[in-house]
Amino acid sequence: MALHKKLIQDLKPIVLSPMYARPGEEGRAPRHTIPDFEMAPATAYQVVRDELMLDGNARLNLATFVTTWMEPEAEKLMAATFDKNMIDKDEYPRTAELESRCVSMLSRLWSSPDEAEATGTSTTGSSEAAMLAGMALKWRWRDRQSKAGKPTDKPNMVMGSNVQVCWDKFCRYWDVEPRLVPMEGDVYHLTAERAVQYCDENTIGVVAILGSTFDGSYEPVADICAALDRYQADQGLDIPVHVDAASGGFIAPFIDPDLVWDFRLPRVQSINASGHKYGLVYPGVGWVIWRDPNALPEDLVFRVNYLGGDMPTFALNFSRPGNQVAAQYYNFLRLGFDGYKRVQQTSRDVARYTADEVAKLPHFALLTDGSELPVFAFTLQEVNAPYTVFDVADRMRESGWLIPAYTFPENRQDLAAMRIVIRNGMSRDLADLLVADLQKHVELLEQLQAPLPGAKTGGFSH
């Protein structure tokens, strides 16, 4: 065997610092004041990354409608375009062109009139899109009232009490009376007859939801428009409709083609949707499309030239990243109509399968079954059980599942439910694990002789 001698080392030793013994890691990082000194990039990264490990697993978050998985190529594209500012349309003309193409694609997807120019914009999400659409409705109503010599100080908006909180925000921020139609019995969304009952000459518009966040159900947009047609014939009041298609706008066109809800209905003046929900893009990007240029008052559009070129803009935000728009365009190219149809149909199939499996458990009753949005809601069979849906949600967190538990709004606040959102990336295998965990935890809760101490009565806000 070979023999070796110890070598003489005359080099100065290299000082290495193990990660968790580096300055910044060996002590406590400041949390509420800016630290006095810098730290190494790797240390700062590790400090932040370690804390974020305490967050829930996004893929197991069945509360959110927001996309939690994209293809590696999409992630690479987004990383390569982090520095694109969506507002700098002159400096980044190709990014602006991709936005324009997406607006054109969506306007066609939602059946805008063939002769009309595509009118719309990307936003940071459906909340900003809703604000922009609401402003257009208010401005058009105010113009009509002024031309008729009528007062403009008491605008109202009619919508179901199941609307997303962005509409409450719009009404408060823009001084519009929210006329929230309460739920009634087993109907958990706005109906045509009840919508009309809340309308008058000060109604700037009716908001119909294509996919309620409470239970995943579609509101009957065509019926609401037909009822407003009759109302106009009787009362002479032409009240427009805005469709909040935050989720359904990327579901119905692909797997419910016979459902008439979009610009095929002349009364529908604008539609919003979230690209970062069933548009399959990471947050945050939304879209708002108007029926034609006349539906968007010109005095809401600003034109600026200090970034170079003449740029029309209608937005609440100014600078914002353009990489989500690039990712939306990527999805349109990558998937095409057939790809979107397959993805959304798979999500609905998994939702229906999961709902059926939950319904087989003796402890739960379905409120909806995932046959519209890939979303379903359920409640406890036994009213006087020693536990609540909030206890079930807490127990499911122990297995990593994030499922919202909440009470329904006005008139049905007695109803406490859980809701499961199925998105791209939720497989049947994961669904089986979910149902198995649900059964396991409920069987443990069934053994309670009395309610848990400090039991919750609320735990999720829309």
Side-chain angles (χ1 to χ4, degrees), residues 65-67 102-112 118-134 136-137 157-160 162-167 170 189-190 195 205-225 240-281 283-291 295-296 328 331-332 337 340-341 343-344 347-348 368 371-375 421 423 462:
F65 288 78
V66 173
T67 295
C102 288
V103 166
S104 183
M105 290 175 176
L106 287 171
S107 67
R108 286 182 168 85
L109 184 68
W110 298 335
S111 309
S112 65
T119 304
T121 184
S122 65
T123 62
T124 53
S126 269
S127 292
E128 183 188 3
M131 303 288 170
L132 300 182
L137 291 175
M157 175 177 278
V158 174
M159 47 199 166
N162 58 310
V163 291
Q164 213 267 356
V165 70
C166 67
W167 290 105
F170 165 77
H189 57 231
L190 186 65
V206 173
V207 176
I209 306 173
L210 195 72
S212 171
T213 59
F214 278 88
D215 62 2
S217 62
Y218 292 159
E219 291 185 340
V221 182
D223 291 346
I224 291 170
C225 288
V241 168
H242 171 81
V243 180
D244 181 352
S247 295
F250 281 100
I251 294 290
F254 300 108
I255 57 178
D256 299 309
D258 296 330
L259 180 68
V260 179
W261 63 274
D262 52 18
F263 292 124
R264 285 171 287 181
L265 300 166
R267 196 165 291 277
V268 173
Q269 295 300 300
S270 50
I271 300 170
N272 71 273
S274 290
H276 61 229
K277 292 181 181 174
Y278 288 102
L280 309 180
V281 178
V285 61
W287 302 94
V288 57
I289 309 292
W290 285 272
R291 179 177 197 84
L296 176 58
Q328 185 75 82
N331 274 348
F332 288 160
F337 190 92
Y340 264 97
K341 180 178 180 179
V343 169
Q344 312 302 31
S347 292
R348 178 178 284 175
T368 50
S371 57
E372 293 179 320
L373 287 190
V375 174
V421 178
R423 304 179 306 280
H462 292 259

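Because only heavy atoms are used, hydrogens play no part in the values below, and waters and symmetry mates are left out as well, while side chains stay in.
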Might you work through the side chain to side chain contact (heavy atoms under 4.5 Å, CB included) test for Phe65 and Ser274, ending with a clear yes or no? CA-CA 9 Å; Phe65 288 78; Ser274 290; over 6 Å; no

Tyr340 and Tyr278: CA distance, side-chain angles, deciding distance, side chain to side chain contact (heavy atoms under 4.5 Å, CB included) verdict: CA-CA 9 Å; Tyr340 264 97; Tyr278 288 102; over 6 Å; no

Derivation and outcome, side chain to side chain contact (heavy atoms under 4.5 Å, CB included), residues Leu373 and Tyr218: CA-CA 8 Å; Leu373 287 190; Tyr218 292 159; 4.0 Å; yes

Residues forming a salt bridge (charged side-chain N to carboxylate O under 4.0 Å, His left out) with Asp262, sequence neighbours excluded: Arg264

Under the rule for salt bridge (charged side-chain N to carboxylate O under 4.0 Å, His left out), what residues qualify as partners of Arg348, not counting sequence neighbours?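 Result, salt bridge (charged side-chain N to carboxylate O under 4.0 Å, His left out) vs Arg348: Asp256.
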
So does [Y] get a backbone contact from the side chain of [X], meaning a donor-acceptor N/O pair under 3.5 Å?
X      : Y      : value
Asn331 : Gly279 : yes
Ser247 : Gly211 : no
Gln344 : Ile251 : no
Trp110 : Gly249 : yes
Thr67  : Lys277 : yes

Please verify the inter-ring angle class for Phe254 with Phe337; under 30° counts as parallel, over 60° as perpendicular, anything in between as tilted. tilted

If you take all heavy atoms of [X] and [Y], which pair is closest and at what distance?
X      : Y      : result
Pro257 : Ile255 : CD-C, 3.3 Å
Gly205 : Leu137 : CA-CD1, 4.4 Å
Val207 : Glu219 : O-OE1, 4.0 Å
Phe263 : Arg291 : O-NH1, 3.0 Å
Ser122 : Trp287 : CB-CZ3, 3.4 Å
Thr124 : His276 : O-CE1, 3.8 Å

Nearest-0.5 Å distance that lies between atom [atom1] in [X] and atom [atom2] in [Y]:
X      : Y      : atom1 : atom2 : answer
Asn272 : Met131 : CG    : CE    : 10.5 Å
His242 : Trp290 : NE2   : CH2   : 9.0 Å
Leu109 : Cys102 : CG    : SG    : 11.5 Å
Glu372 : Ser212 : CD    : OG    : 10.0 Å

Does any donor atom in the side chain of Ser217 or His189 lie under 3.5 Å from an acceptor atom in the other side chain? yes

Test item: [X] and [Y] side chains (from C-beta on) under 4.5 Å apart, heavy atoms:
X      : Y      : answer
Thr121 : Val103 : no
Val375 : Thr368 : no
Ile271 : Trp261 : yes
Met159 : Asp244 : no
Asn162 : Ile209 : yes

Before you tell me yes or no, could you show the steps for Ile224 and Leu190 under side chain to side chain contact (heavy atoms under 4.5 Å, CB included), namely the whole-Å CA-CA distance, both residues' side-chain angles and the distance that decides it to 0.1 Å? CA-CA 9 Å; Ile224 291 170; Leu190 186 65; 3.9 Å; yes

